[in-house]
Amino acid sequence: TADTAYKALDASSLPSRLGTLPELSERVGPDPDEWEVVEVGDGNLNLVFIVSGPAGRVIVKQALPYVRLVGDSWPLPLYRAYFEHHALTRQAGRDAGAVPEIFHFDREQALIVMEFLSPHVILRHKLIAGERVTGLAQTLGRFCSRTAFRGSELSMASSDKKADVALFAGNVAIPAITEALVFTDPYFDAEMNNHTPGLEPVIAGLRDDVALKVRVQQALQRFVSNTETMLHGDLHSGSIMATGDEARIIDPEFAQYGPMGFDIGMLFANFLMAYFSQPAHRGEDLEEYQDWILDVIETTAAVFEEEFRNLWKTERTGILYPASLFEDQGQDSTPACDAVLTGLWRDAWAVCGIEMHRRCLSLAHNADFEGIEDPARRAPLEARNLAMGARLIHTAEDIGSVAEVTAMARGFN
Ligand code: ADP
Ligand code: MG
Ligand code: MG
Ligand code: MG
């Protein structure tokens with residue numbers, strides 16, 4: 001009907017449109033005339049409002065029927081809010097406390113009312129400002145490990161897993177964005193690409209490298225056809241909010257089933273881009289802060305592995321690598337876990353390199369580099385990042401430990 005049909009909210013209409021929702025009035029205040037609404041969306045896609053009142057504050061996130069970054073020339077289905085809602089619910093179940101609490105979901109209006117994270121700020125801003133977050137690696141390593149393991153047939157009943165894969169298979173528009181912008185556009189002259197002047201020879205080198213493009217396509221094939229686990233799908237430093245000693249993960253609207261190494265690979269790319277951009281953002285503390293970033297990568301990987309091995313021992317309740325084949329026959333299944341992790345890291349390092357490429361070459365760049373005003377300053381830093389990305393893609397299956405990756409970063413810096 002006309003009054004339930006989707007309509008984008010704005011700050012002035014929000015109180016009258018959502019004022020009777022108990023989930024809001026309980027948390028913000030009973031009189032919507034007293035609510036204060038500010039639109040704070042800084043992402044590429046959606047509207048995000050902070051709604052404040054005498055009782056407290058909540059976030060209202062609403063999908064737009066197009067890509068905000070580009071405009072209504074690029075339509076994008078509203079149903080993505082439905083998948084974001086389901087993803088948040090699953091993540092909350094698999095890693096309690098890692099994501100904002102959901103208070104209300106309206107499918108028709110494509111909106112989610114959720115916990116307002118405060119005084120958290122976007123991690124990317126902290127990395128640009130040179131701030132540290134205590135416990136960051138623990139939170140991120142555990143989140144990636146628990147969501148990877150608990151969303152897979154290592155843990156889930158086969159029937160539940162299939163039902164969930166079927167559900168998320170309905171989210172076709174969002175994966176198409178990743179397939180194009182992340183995996184494909186950087187390697188040809190795609191219409192929406194942009195890059196810093198001066199990088200042309202580096203870009204030509206990547207496009208001349210047939211072996212590299214084959215490897216990227218192999219990673220894409222695994223991304224589109226492998227449904228190992230439910231991914232966050234967009235786990236960059238702009239999808240993490242933190243204080244000085246707590247981190248939370250937001251914005252899983254790119255959730256889809258895919259390879260277990262995808263999220264942590266994308267995450268590490270964003271730390272590496274923060275690392276390579278630091279010479280433009282830091283002064284005397286440059287070396288110390290760059291070391292901290294690499295330490296976060298190393299510790300995140302260690303926490304990830306430790307948690308994965310722990311879950312392997314304690315929660316291996318799915319159809320994969322059952323105890324009947326190993327422990328029940330008096331055998332140790334550690335070699336099987338090693339093999340799963342080897343495949344996972346191979347996927348992660350390839351995705352890491354690809355993400356390092358696409359953030360400098362295709363549509364959506366990141367502020368770590370974009371915030372460097374002088375292109376002559378920016379280009380050489382991006383060139384280091386692109387070169388390391390190519391090395392990661394070429395050597396993904398040969399990388400034996402995260403220490404090899406941080407050593408590689410120091411070599412390119
Ligand atoms: P998009 O999908 O458009 O990228 P995000 O979910 O990333 O939207 O949200 C955009 C911005 O809104 C974030 O960068 C953050 O500043 C703010 N934001 C989103 N969710 C919350 C939250 N739960 N608490 C506080 N701020 C939030
Ligand atoms: Mg976002
Ligand atoms: Mg740029
Ligand atoms: Mg988003």
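Values reported hereafter were calculated over all heavy atoms of this structure, with side chains retained and with hydrogens, waters and symmetry mates removed.
- Looking at Arg27 and Glu23, no side-chain N of the basic residue comes within less than 4.0 Å of a carboxylate O on the acidic one, giving no salt bridge.
- With Tyr82 as the aromatic partner, Arg107 meets the cation-pi criteria of under 6.0 angstrom to the ring centre and within 45 degrees of the ring axis.
- Partners of His232 under the ring-ring contact (aromatic ring centres under 6.0 Å, His included) rule, at least two apart in sequence or in another chain, do not exist in this structure.
- With rounding to the nearest 0.5 Å, the separation of CD1 in Ile240 from CG in Leu136 is 6.5 Å.
- Under the ring-ring contact (aromatic ring centres under 6.0 Å, His included) criterion, Phe262 pairs with Phe223, sequence neighbours left out.
- Annotation: salt bridge (charged side-chain N to carboxylate O under 4.0 Å, His left out) contacts involving residues 221-235, sequence neighbours excluded, comprise Arg222-Asp347.
- Side-chain contact annotation: Asp398 with Thr395, donor-acceptor N/O pair under 3.5 Å absent.
- Applying the salt bridge (charged side-chain N to carboxylate O under 4.0 Å, His left out) test to residues at least two apart or on different chains, the pairs with a partner in residues 114-126 are Glu115-Arg248, Arg124-Asp368, Lys126-Glu131.
- Here Glu26 pairs with nothing under the salt bridge (charged side-chain N to carboxylate O under 4.0 Å, His left out) rule; sequence neighbours left out.
- With respect to Lys161 and Glu153, a salt bridge is recorded, a charged nitrogen being found less than 4.0 Å from a carboxylate O.
- The shortest heavy-atom contact between Ala173 and Leu76 is CB-CD1, 4.0 Å.
- Contacts of Tyr187 classified as ring-ring contact (aromatic ring centres under 6.0 Å, His included), with partners at least two apart in sequence or in another chain: His357.
- Gln290 and Arg282 share no side-chain donor-acceptor pair at under 3.5 Å.
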